[in-house]
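Written below as C-alpha cells is the structure these notes are about.
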Amino acid sequence: MIGTIKGRCVATGKLFPTLAIGAAGGGIAYVLAIPLPWLLGALIATTLLSLGGVRLRAPTTSRKAVLVVIGVMLGAAFTPDMAGDVTLWGTSLALMLLTTAVMMAFSVWFGRRIAGYSMDTAMYSGVPGGVSAVTMMAADSDADLRVVGLTHAVRILVLLLAIPPALSLIGHVSLQPRSMTLAEWLSVPAFGDALLLTGAGVIGMWLGRRLHLPNPLLFGPVLLSGALHVTGVTEAAIPPTIVALAQIIIGVSVGVRFGGTSLTTVGVNLLMAVLQAVALLLIAIAAAWLVHAITGYSAAAALLAYMPGGAPELSLVALSLGIDPAFVTSHHLLRITVLIMVMPLLLRAFQRRQA
C-alpha cells in the first residue's frame with residue numbers, strides 16, 4: 001500500500017514539469033486573448049517542445065481523471081427544456097452518420113491510392129474518431145500501428161488548431177475568451193451539489209464500464225450527470241478553475257504524443273496525415289453548412305459535432321465556447337458506437353472486395 005502511494009507520488013512529480021509547461025503556455029495564450037487559451041496554449045507549447053526533441057512525460061492517470069470530470073461537465077449541458085430539439089437532433093444525427101460514411105470511404109481511398117497503405121492500415125488510420133478503441137482493434141490486425149497512431153494524433157492536432165479559423169469562417173459564435181473575476185475563478189458548487197457531481201463521476205465511471213460504452217470514463221459520467229441535470233435534480237456546474245485544468249491536461253496529452261517523432265523519418269507519413277485531416281475537415285465544414293441550411297441549427301455546433309475525431313477534445317471545446325455541448329457530445333457518442341460495431345464488418349468487406 002505504502003509502495004503504491006509512493007509510486008504515484010513519484011509519477012506525479014515526474015509529470016509536474018509537463019503540466020507546468022502546459023499551464024505556462026495556457027497562461028500566455030490567455031493573456032494574449034487567444035481563443036481556447038488553456039487548451040491551445042498547452043497544446044502548442046508541448047507539441048513544439050516534443051517535436052524539438054524534449055522528452056515530456058505523458059499524463060495517464062490524470063488524463064483518466066480528467067475524462068471523468070469532462071463527462072460530468074458535459075452532462076450539465078443537458079437541461080429539462082431540451083425536448084423540443086428531438087426532431088432537429090434526429091435529422092442531424094442521420095446526416096452525421098451519412099457524413100461519417102463519406103469520410104470513411106474517402107479515408108480508405110486516400111490511404112490505399114495516395115498514401116500506399118495496406119488495407120488494414122488505411123481502414124484503422126481513417127476511422128473518424130474513437131482513437132483509443134481503434135488503436136486496440138488495430139493491434140489485433142496487420143495494420144501499421146505507428147502510422148495509425150501518428151495519423152490520429154496529427155488529425156486531432158490539425159482539428160484543434162483549425163477550430164478558431166473554421167468557426168470564424170462559418171460565423172454564428174464568439175471566440176473571444178470571457179474575462180473572469182477572481183471570485184468567479186474561485187467559485188465552487190454548494191456542498192450538496194458537489195456530492196451529486198462527485199457521485200455522477202464515480203458511479204458514472206462504473207456504469208460506463210458495466211454498459212461497455214466506448215470511452216466509458218467519458219460517456220458513463222455524461223449519462224449519469226445528464227440524467228441528474230435533465231430531470232432538474234441539480235443545476236450545478238464544474239468550477240471554472242477545474243475546467244481550465246482539464247483543458248491544460250487535454251492539450252498536454254495531445255502535444256506529448258509527438259515525443260520521439262523525427263520529422264526526417266516520418267516526413268511522408270506526416271504529410272499524408274495532414275492532407276487527410278484537412279480533407280476530412282473540409283467534408284465536415286460542408287456537412288455542417290448543409291445541416292444548417294436544412295434544419296436551421298447552429299452551423300458551429302454542427303461543425304464540432306461532425307469533425308472527425310477527438311470526442312473528449314471537441315466536446316470540451318463545445319463546452320468551453322458554449323456551443324451546445326449536449327448536441328456535440330451526443331453526435332460523437334453515436335458515431336463512435338456505430339463505428340466500433342461496424343468496423344470488423346467493414347474490414348472484412350473491403351478485404352473480400354480487394355481479393
Side-chain angles (χ1 to χ4, degrees), residues 4-32 34-70 125 131-132 134-136 139 144-164 215 217-218 241-267 269-271 273-274 277 309-317 320:
T4 302
I5 295 175
K6 182 178 179 181
R8 289 181 177 177
C9 290
V10 171
T12 302
K14 291 181 178 179
L15 179 62
F16 181 77
T18 304
L19 294 180
I21 291 169
I28 293 172
Y30 182 79
V31 171
L32 296 177
I34 293 175
L36 297 169
W38 301 106
L39 176 64
L40 293 184
L43 169 66
I44 293 171
T46 51
T47 298
L48 291 177
L49 289 176
S50 295
L51 290 175
V54 178
R55 305 292 295 187
L56 298 174
R57 189 176 184 88
T60 51
T61 303
S62 57
R63 177 179 166 82
K64 292 178 181 178
V66 163
L67 289 178
V68 175
V69 171
I70 294 174
S125 63
V131 59
S132 299
V134 167
T135 302
M136 288 190 292
D144 186 331
L145 294 182
R146 185 170 181 83
V147 172
V148 172
L150 177 67
T151 302
H152 281 276
V154 168
R155 184 184 305 150
I156 294 173
L157 175 66
V158 170
L159 292 179
L160 291 177
L161 292 178
I163 284 173
N215 206 336
L217 298 182
L218 175 70
T241 304
I242 297 180
V243 175
L245 179 60
Q247 291 186 50
I248 291 171
I249 293 177
I250 289 295
V252 162
S253 68
V254 175
V256 299
R257 293 179 188 178
F258 296 92
T261 301
S262 170
L263 296 181
T264 56
T265 58
V266 300
N269 290 334
L270 184 63
L271 176 61
V274 171
E313 292 83 1
L314 294 173
S315 297
L316 182 59
V317 168
S320 302

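As the structure is a computational prediction, the values presented were derived from the model and not from experiment. What's counted below: heavy atoms across the whole structure, side chains too, no hydrogens, waters or symmetry copies.
Here the CG atom belonging to Leu316 is positioned 8.5 Å from the CG atom belonging to Leu36, to the nearest 0.5 angstrom. Atom CD of Gln247 and atom CD1 of Ile242 lie 13.0 Å apart (nearest 0.5 Å). The line from CH2 of Trp38 to CG of Leu43 is 15.0 Å long, rounded to the nearest 0.5 Å. Distance CG/Leu145 to OG/Ser125: 11.0 Å, rounded to 0.5 Å. From Leu161, atom CG reaches atom CD1 of Ile156 across 12.0 Å, with rounding to the nearest 0.5 Å.
Using a 4.5 Å cut-off on side-chain heavy atoms (C-beta onward), Leu39 and Ser320 make no contact. For the pair Pro59/Val66, no side-chain contact is recorded, criterion being any heavy-atom separation below 4.5 Å from C-beta on. Between Arg63 and Val252, every side-chain heavy-atom pair lies at or beyond the 4.5 Å cut-off. The shortest side-chain heavy-atom distance between Leu40 and Pro164 falls under the 4.5 Å cut-off. Using a 4.5 Å cut-off on side-chain heavy atoms (C-beta onward), Leu157 and Val274 make no contact. With a 4.5 Å cut-off on side-chain heavy atoms, Val254 and Thr47 do not count as touching. With a 4.5 Å cut-off on side-chain heavy atoms, Pro17 and Leu56 do not count as touching. You'll find the side chain of Thr151 reaches within 4.5 Å of the side chain of Arg155, heavy atoms only.
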**Item:** From CA spacing to verdict: side-chain contact (heavy atoms from CB on, under 4.5 Å), Asp144, Val148
**Value:** CA-CA 6 Å; Asp144 186 331; Val148 172; 5.8 Å; no

**Message:** For Leu48 and Val54: C-alpha separation, side-chain torsions, deciding distance, then whether side-chain contact (heavy atoms from CB on, under 4.5 Å) applies.
**Reply:** CA-CA 9 Å; Leu48 291 177; Val54 178; over 6 Å; no

**Request:** Test Ile34 against Ile28 for side-chain contact (heavy atoms from CB on, under 4.5 Å), laying out the working first.
**Result:** CA-CA 9 Å; Ile34 293 175; Ile28 293 172; over 6 Å; no

**Item:** Verdict with supporting geometry, Val68 and Leu218, side-chain contact (heavy atoms from CB on, under 4.5 Å)
**Value:** CA-CA 5 Å; Val68 175; Leu218 175 70; over 6 Å; no

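What you find for Ser50 and Gly255 is that their closest heavy atoms are OG-O, 3.3 Å. Looking at every heavy atom in both residues, Leu150 comes nearest to Leu270 through CD2-N, 4.0 Å. The minimum heavy-atom distance between Leu15 and Ala58, with the atom names listed, is CD1-C, 4.1 Å. Listed here is the closest heavy atom pair of Thr46 and Gly251: OG1-O, 3.9 Å.
Test Thr241, Ile249, Val243 against Leu245 for side chain to side chain contact (heavy atoms under 4.5 Å, CB included) and you get one pass: Ile249.
Side-chain N/O atoms of Thr18 and Arg57 include no donor and acceptor closer than 3.5 Å.
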